[in-house]
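Structure first, then comments.
It should be emphasised that the depicted structure is a prediction, and the values quoted were computed from it without experimental measurement.
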Amino acid sequence: MLQCTAVRRIPEIEALVALTTMERAPEQPIDHLSLLDEYALCELGEHAEDVEHAAFVGGAEDGSDIELWMYWDDGLPVRFEESRSCRAVMWLISRPDRADRCTLPPGHPSGHSWDVTDPLGDLLDEVARPLLGGHADDQGDTL
C-alpha cells in the first residue's frame with residue numbers, strides 16, 4: 001500500500017510544549033525540535049478521508065517506547081499525543097534472530113509500517129545508492 005501524501009506544517013511552539021511536557025521528555029527539547037523538518041508527512045498508508053493523519057515527532061530518550069505523534073485533519077488544528085508504539089512485530093523467516101516492529105502509532109487504521117511503501121523514498125534510494133557506492137548485504141540492508 002502506498003503512503004498517504006498529506007503534508008502539514010509543524011507548529012513550532014505547540015510541538016516544543018508537547019516535547020517539553022511529555023513523559024520522559026528529551027533533556028533538550030529545543031535541540032530535538034531543530035532536527036525536525038518544517039513540514040510533516042503523514043506516515044500512515046492510504047486511508048479514508050475521515051481518519052486523522054499522523055506523523056512521528058519524537059520519542060523518549062531513555063529507550064522506552066513512549067512516542068510523541070502529531071495528528072491532524074484538513075482544516076482543523078493539529079494535536080499532539082503521547083503513546084506507546086504499535087505492538088505488531090514481523091518475524092523474518094530468513095533471519096529468525098531478527099524482527100521488525102511496526103513504527104506507526106497504536107490503533108493506526110491502515111497496514112503496518114512494513115506494508116507502507118514510500119515511492120519517492122524508494123526512487124531516491126535507487127538513484128543515490130550507486131552514486132554513494134552502497135551495496136546490499138545478504139539481509140537486504142544497504143551498507
Report the distance from atom [atom1] of [X] to atom [atom2] of [Y], rounding to the nearest 0.5 Å.
X: D115; Y: M1; atom1: CG; atom2: CE; answer: 6.0 Å
X: R87; Y: C102; atom1: CZ; atom2: SG; answer: 11.5 Å
X: F80; Y: M70; atom1: CZ; atom2: CE; answer: 5.5 Å
X: I66; Y: R84; atom1: CD1; atom2: CZ; answer: 4.0 Å
X: I10; Y: W72; atom1: CD1; atom2: CH2; answer: 8.5 Å

Go through the steps to decide whether L19 and L68 satisfy the test side-chain contact (heavy atoms from CB on, under 4.5 Å), and finish with yes or no. CA-CA 7 Å; L19 282 166; L68 183 64; 3.8 Å; yes
Give me the atom names and distance for the closest heavy-atom approach of T21 to V17.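 Nearest heavy atoms, T21 then V17: OG1-O, 2.8 Å.
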Provide the closest heavy-atom pair for Y71 versus P105 in the form atom of the first, atom of the second, distance.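 Closest heavy-atom pair between Y71 and P105: OH-CB, 3.3 Å.
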If you group Ile, Leu, Val, Met, Phe, Trp and Tyr by side-chain heavy-atom gaps below 4.5 Å, do V116 and M90 land in one group?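 In one cluster with V116: M90, no.
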Following the transitive rule for hydrophobic clusters with a side-chain heavy-atom cut-off under 4.5 Å over Ile, Leu, Val, Met, Phe, Trp and Tyr, establish whether M22 and V57 coincide in one cluster.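 The answer is yes; both residues are in one hydrophobic cluster.
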Applying side-chain contact (heavy atoms from CB on, under 4.5 Å), can you list everything that pairs with L41, at least two apart in sequence or on another chain?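 Partners of L41 under the side-chain contact (heavy atoms from CB on, under 4.5 Å) test: Q3, V7.
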Which ILVMFWY residues can you reach from L76 by hopping between side chains whose heavy atoms are under 4.5 Å apart?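 Grouped by the 4.5 Å side-chain rule, L76 forms a cluster of one, so the answer is none.
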Using atom types as modelled, flag every donor-acceptor pair under 3.5 Å from a side chain in residues 42-51 to any protein atom, sequence neighbours excluded.
from	atom 1	to	atom 2	distance (Å)
E43	OE2	F56	N	2.8
H47	NE2	H53	ND1	3.2

Are more than 12 heavy atoms, taken from residues, nucleotides or ligands other than E14, located less than 6.0 Å from that residue's CD atom?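 For E14, atom CD is crowded (more than 12 foreign heavy atoms under 6.0 Å).
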Flag if over 12 foreign heavy atoms under 6.0 Å of CG, L2: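 Enclosed.
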Set of residues satisfying salt bridge (Lys or Arg N to Asp or Glu O under 4.0 Å) with respect to E81, sequence neighbours excluded: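 With neighbours one apart ignored, the set is R79.
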Residues forming a ring-ring contact (aromatic ring centres under 6.0 Å, His included) with H112, sequence neighbours excluded: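 For H112 the ring-ring contact (aromatic ring centres under 6.0 Å, His included) partners, ignoring immediate neighbours, are H108, W114.
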Checking R101 now: which residues fulfil side chain to side chain donor-acceptor pair (under 3.5 Å) with it, not counting sequence neighbours?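 With sequence neighbours excluded, R101 shows a side chain to side chain donor-acceptor pair (under 3.5 Å) to no residue whatsoever.
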